[in-house]
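Please read the structure below before turning to the comments.
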Number of protein chains: 2
Amino acid sequence: MNIGQASRASGISAKMIRYYEAIGLIPKATRSYSGYRHYDERDIHVLLFINRARAAGFSIAHIKKLLLLWQDRRRPAREVKQLATSHLKELREKISELQSIAETLSQLIGHCRGDDRPDCPILDTLSDKDATQEFAETSKPNRLHSSVRQSSSKQCVKTK
Amino acid sequence: MNIGQASRASGISAKMIRYYEAIGLIPKATRSYSGYRHYDERDIHVLLFINRARAAGFSIAHIKKLLLLWQDRRRPAREVKQLATSHLKELREKISELQSIAETLSQLIGHCRGDDRPDCPILDTLSDKDATQEFAETSKPNRLHSSVRQSSSKQCVKTK
DNA sequence: GTTAAACCTTCCAATAATTGGAAGGTCAAG
DNA sequence: CTTGACCTTCCAATTATTGGAAGGTTTAAC
């Protein structure tokens, strides 16, 4: 199986498979005489594992740990659970952060008539000299450009 | 006011103020004889606007538009409302994506005893050859590294 | 037997927003 | 005049992913 087939079989782009190899997430693939990478069933299994873990929102760093645990037959389930739990906590924090932003924004939108006239409570609030309560810079630099970039790539988890 | 004071007054790091200038989000600051950037009240007002818009989750690209609208006395509130509404929609989508991930993960965690023994439903599910229902790679590469470093964010998942 | 398509390879760049650091100039107080 | 706290520019790293260029390989068709 060459990289294109592995890509199709795992759902991970060839680019990313090479990248995962480069950063040491997966071992170096064996090569054909002419240098083509070559994958077998077990490799695909690993790639599928990675893909699902990514879909579950784990970072590459976390997946690295999960892979080690996965390959260690004697690992205590406790360690995996801890990793997953701390990840879940982060997820929940992020969710509530986004929710509070969404609520604020939703309120502002609700107060804006949104017609042809120029007065707009949204801009007013953003530019209000004393509006700092509204947008509590949650102590930390925020980050969360919702971009959803080209909306294209994105992945998923289908929860039944 | 030099850049350090502007930074303190606006809550935006000096680094970012320079960056915003470099990418054209804000106009080039006037300079002192020796090259120091120099800011006045109106500049601070703009920086505060930007900081609040960031806190509201708007991307730089969106903020660029908001600034133009803000500075246009005759803009129709409709345009602002549209921008905000589409942003809110993205926020809500992201939130529900994260929620579905969190739910799946939470279930897995709930089934894991997390003791010293090695059997772990979390890893089992991630590595299950037929687990694709749980973590459906809905055709697109995923993205969503939870780091949450200092409250970062970025993630996605599409649940359908 | 050559050619063209469809692969593969590596390397370099860009994305988004932010931070870090190095190397060096400036300003105020001591 | 020195020290420390500023400021300047430039370059790099972060995270995960994509894009493209330049070039080699394989396969199938002609």
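Source: prediction; values computed, not measured. Heavy-atom basis, side chains included; hydrogens, waters and symmetry copies ignored. Chain letters run A, B, ... following the sequence lines, proteins first, then strands; residues in each count from 1.
Counting non-hydrogen atoms under 4.0 angstrom, A:Arg37 reaches the backbone sugars and phosphates but no base.
Between D:dT9 and B:Arg31, a contact under 4.0 Å exists linking OP1 or OP2 to a side-chain N or O. For the pair A:Ser13 and D:dT18, the criterion of a side-chain N or O lying under 4.0 Å from OP1 or OP2 is met. OP1 and OP2 of D:dT8 both lie 4.0 Å or more from every side-chain N or O belonging to B:Ser34.
Side chain of B:Tyr20, nearest nucleotide from C:dT18, D:dT9, D:dT17: C:dT18. Among D:dC7, D:dT17, D:dT26, the nucleotide with an atom closest to any side-chain atom of B:Asn2 is D:dC7. If you check D:dT18, D:dT26, C:dA17 against the side chain of B:Ile60, the one that comes closest is C:dA17. Side-chain atoms of B:Arg54 lie closest to C:dA17 of the nucleotides C:dC11, C:dG20, C:dA17.
Around CZ of A:Arg31, the count of heavy atoms belonging to other residues, nucleotides or ligands within 6.0 Å exceeds 12.
Following rounding to the nearest Å, A:Lys64 (NZ) and D:dA16 (C1') show an atom-to-atom distance of 13 Å. In this entry the distance linking OH of B:Tyr33 with P of C:dC27 reads 10 Å, nearest Å. Regarding A:Lys15, its NZ atom lies at a distance of 11 Å from the C1' atom of C:dT9, rounded to whole Å. The separation between B:Arg8 atom CZ and D:dC7 atom P is 7 Å, rounded to whole Å. The CD atom of B:Glu21 sits 8 Å away from the P atom of D:dT9 (whole-angstrom rounding). Between B:Ile63 atom CD1 and C:dA17 atom C1' the separation is 11 Å, expressed in whole Å. Whole-Å rounding puts the A:Leu25 CG to D:dT15 C1' distance at 13 Å. Distance A:Tyr19 OH to C:dA14 P: 18 Å, rounded to the nearest Å.
Residue side chain A:Tyr36 reaches the base of C:dC7 through a donor-acceptor N/O pair under 3.5 Å, judged by distance alone.
Inter-residue side-chain proximity for A:Asp43 and A:Ile26 is flagged as unmet; no heavy-atom pair is nearer than 4.5 Å.
The pair B:Asp115-A:Lys81 does not meet the salt-bridge criterion, since no charged nitrogen lies less than 4.0 angstrom from a carboxylate oxygen. The existence of a salt bridge linking A:Glu79 and A:Lys65 is excluded, since no basic side-chain nitrogen approaches an acidic carboxylate oxygen closer than 4.0 Å.
Using the six-membered ring where Trp is involved, B:Trp70 and B:Phe49 have ring planes that are parallel, under 30° apart on the 30 and 60° scheme.
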